[in-house]
Amino acid sequence: QVQLVESGGGLVQAGDSLRLSCLCSEPTFRSYAMGWFRQAPGKQRDFVAAISWSGDNTDYVDSVKGRFTISRDNLKNTVYLQMNSLKPDDTAVYYCASDSRTPETGSRSIMGYDFWGQGTQVIVSS
């Protein structure tokens, strides 16, 4: 059973930066695409970013392009989400997830992911 553990969330002001991390328990991590999603209170869980198994391909939702960067370290079994120029609209619980079925791209759909972390809260005050 793959376990994913997110960390790095917190309370920040608008314009600040945060780096989220997601540690995978299994070395098979390096064969998965990985994704970050977020869920604001009362809203559905939405795609934020994805990265291929190699790190060569990345994908972002338009609202975070130019501000967020997804990356991975396959030696550390960890995927990161660097978030800059944070806005109050970025407030949400952020989840990482693993995608074994589309490793070259990562899916934008929740249904494309096999395992999920427990989430880490990000609050951006104005």
Side-chain angles (χ1 to χ4, degrees):
Q1 180 84 357
V2 173
Q3 293 187 336
L4 301 172
V5 179
E6 301 98 335
S7 61
L11 170 62
V12 296
Q13 294 186 329
D16 286 350
S17 298
L18 277 176
R19 187 175 82 155
L20 307 183
S21 300
C22 172
L23 175 64
C24 180
S25 62
E26 301 296 324
T28 46
F29 167 85
R30 62 198 64 177
S31 66
Y32 303 149
M34 296 295 295
W36 285 97
F37 287 73
R38 64 187 179 186
Q39 188 166 17
K43 296 188 177 181
Q44 65 184 18
R45 191 171 298 187
D46 291 329
F47 171 77
V48 175
I51 188 166
S52 63
W53 71 273
S54 65
D56 288 345
N57 298 315
T58 57
D59 186 24
Y60 299 91
V61 68
D62 285 348
S63 60
V64 308
K65 284 181 181 177
R67 300 190 298 123
F68 290 11
T69 303
I70 188 171
S71 62
R72 67 189 297 159
D73 185 336
N74 286 345
L75 295 179
K76 295 183 179 179
N77 291 353
T78 302
V79 62
Y80 304 97
L81 186 67
Q82 177 67 44
M83 306 187 294
N84 299 329
S85 301
L86 282 161
K87 305 175 180 180
D89 283 351
D90 296 318
T91 294
V93 177
Y94 283 72
Y95 299 89
C96 69
S98 61
D99 173 3
S100 64
R101 284 164 280 184
T102 53
E104 294 294 341
T105 57
S107 174
R108 285 190 166 216
S109 169
I110 290 175
M111 300 304 294
Y113 289 83
D114 309 296
F115 297 99
W116 293 81
Q118 82 290 348
T120 186
Q121 177 76 60
V122 173
I123 300 173
V124 184
S125 64
S126 57

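Owing to the predicted nature of the structure, the values given are computational and were not obtained by experimental measurement.
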Novice: Show the nearest heavy-atom pair for residues S107 and Y113, with the distance to one decimal.
Specialist: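 Smallest interatomic distance, heavy atoms only, reads O-OH, 2.5 Å.
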Novice: Applying ring-ring contact (aromatic ring centres under 6.0 Å, His included) as the test, list every pair that has at least one member in residues 44-79; sequence neighbours left out.
Specialist: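 The answer is F37-F47.
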Novice: Between atom OG1 of T58 and atom NZ of K65, what is the distance when rounded to the nearest 0.5 Å?
Specialist: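 With rounding to 0.5 Å, OG1 (T58) is 9.5 Å from NZ (K65).
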Novice: Return the set of residues passing side chain to side chain donor-acceptor pair (under 3.5 Å) with Q39 (not counting sequence neighbours), or none when no residue passes.
Specialist: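 Partners of Q39 by the side chain to side chain donor-acceptor pair (under 3.5 Å) criterion, ordered by chain and then number, come out as R45.
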Novice: Measuring from atom CD of E26 to atom CD of Q3, what distance do you get when rounded to the nearest 0.5 angstrom?
Specialist: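 The CD atom of Q3 is 8.0 Å from CD of E26, to the nearest 0.5 Å.
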Novice: Do any side-chain atoms of residues 10-22 form donor-acceptor pairs under 3.5 angstrom with protein atoms, and if so which ones, sequence neighbours left out?
Specialist:
unit_1, atom_1, unit_2, atom_2, d
D16, OD2, Q13, N, 3.1
S17, OG, N84, OD1, 2.9

Novice: Would you say L23 ends up clustered with V2 if hydrophobic residues are merged whenever their side chains have heavy atoms under 4.5 Å apart, either directly or through other cluster members?
Specialist: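 No: no chain of side-chain contacts under 4.5 Å links V2 to L23.
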Novice: Looking at every non-hydrogen atom in both residues, tell me the closest pair between V124 and T91 and how far apart they are.
Specialist: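 Smallest heavy-atom distance, with atoms named: N-OG1, 2.9 Å.
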Novice: When clusters are formed from ILVMFWY side-chain contacts under 4.5 Å, directly or step by step, what else is grouped with M111?
Specialist: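 Same cluster as M111: nobody, lone residue.
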Novice: Taking only residues at least two apart or on different chains, which pairs with a member in residues 78-104 satisfy salt bridge (Lys or Arg N to Asp or Glu O under 4.0 Å)?
Specialist: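 For residues 78-104, and leaving out neighbouring residues, the salt bridge (Lys or Arg N to Asp or Glu O under 4.0 Å) pairs sorted by first residue read R38-D90, R67-D90, R101-D114.
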Novice: Side chains of S52 and T105: does their closest heavy-atom pair fall under 4.5 Å?
Specialist: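 S52 does not reach T105 side chain to side chain.
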Novice: For residues 74-106, which residue pairs pass the ring-ring contact (aromatic ring centres under 6.0 Å, His included) check, not counting sequence neighbours?
Specialist: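 Every candidate ring-ring contact (aromatic ring centres under 6.0 Å, His included) pair involving residues 74-106 fails, so no pair, neighbours aside, qualifies.
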Novice: Please examine the side chains of S98 and F29, heavy atoms only from C-beta on, and report whether any two atoms are closer than 4.5 Å.
Specialist: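 No, too far: nothing below the 4.5 Å cut-off.
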Novice: Working to the nearest 0.5 angstrom, can you tell me the gap between C96 SG and I51 CD1?
Specialist: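 If I round to the nearest 0.5 Å, the distance is 12.5 Å.
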Novice: Which residue pairs pass the disulfide (SG to SG under 2.5 Å) test when at least one of the two sits in residues 35-87, sequence neighbours left out?
Specialist: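 Not a single pair qualifies under disulfide (SG to SG under 2.5 Å).
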Novice: According to a 4.5 Å side-chain heavy-atom criterion applied to Ile, Leu, Val, Met, Phe, Trp and Tyr, with indirect links allowed, do I123 and L81 form part of one hydrophobic cluster?
Specialist: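 No, I123 does not connect to L81 through the hydrophobic network.
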Novice: Test: salt bridge (Lys or Arg N to Asp or Glu O under 4.0 Å). Region: residues 48-60. Which pairs qualify, not counting sequence neighbours?
Specialist: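 The answer is D59-R108.
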Novice: Minimum heavy-atom separation for A33 and T102, please, with both atom names.
Specialist: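 Closest pair (atom of A33, atom of T102, distance): CB-O, 3.5 Å.
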Novice: Check the surroundings of atom CD in Q118: do more than 12 heavy atoms from other residues, nucleotides or ligands lie under 6.0 Å from it?
Specialist: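 Yes - once you tally the heavy atoms of other residues, nucleotides and ligands closer than 6.0 Å, there are more than 12.
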Novice: Write out all pairs satisfying disulfide (SG to SG under 2.5 Å) with one or both partners inside residues 45-87, taking only residues at least two apart or from two chains.
Specialist: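 Found none.
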Novice: Kindly write out the residues that satisfy side chain to side chain donor-acceptor pair (under 3.5 Å) with T28, not counting sequence neighbours, or none if the list is empty.
Specialist: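 Checked T28 against side chain to side chain donor-acceptor pair (under 3.5 Å); matches are Y32.
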Novice: Sequence neighbours excluded, which residues qualify as side chain to side chain contact (heavy atoms under 4.5 Å, CB included) partners of S126?
Specialist: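 With sequence neighbours excluded, S126 shows a side chain to side chain contact (heavy atoms under 4.5 Å, CB included) to P88, given in chain and number order.
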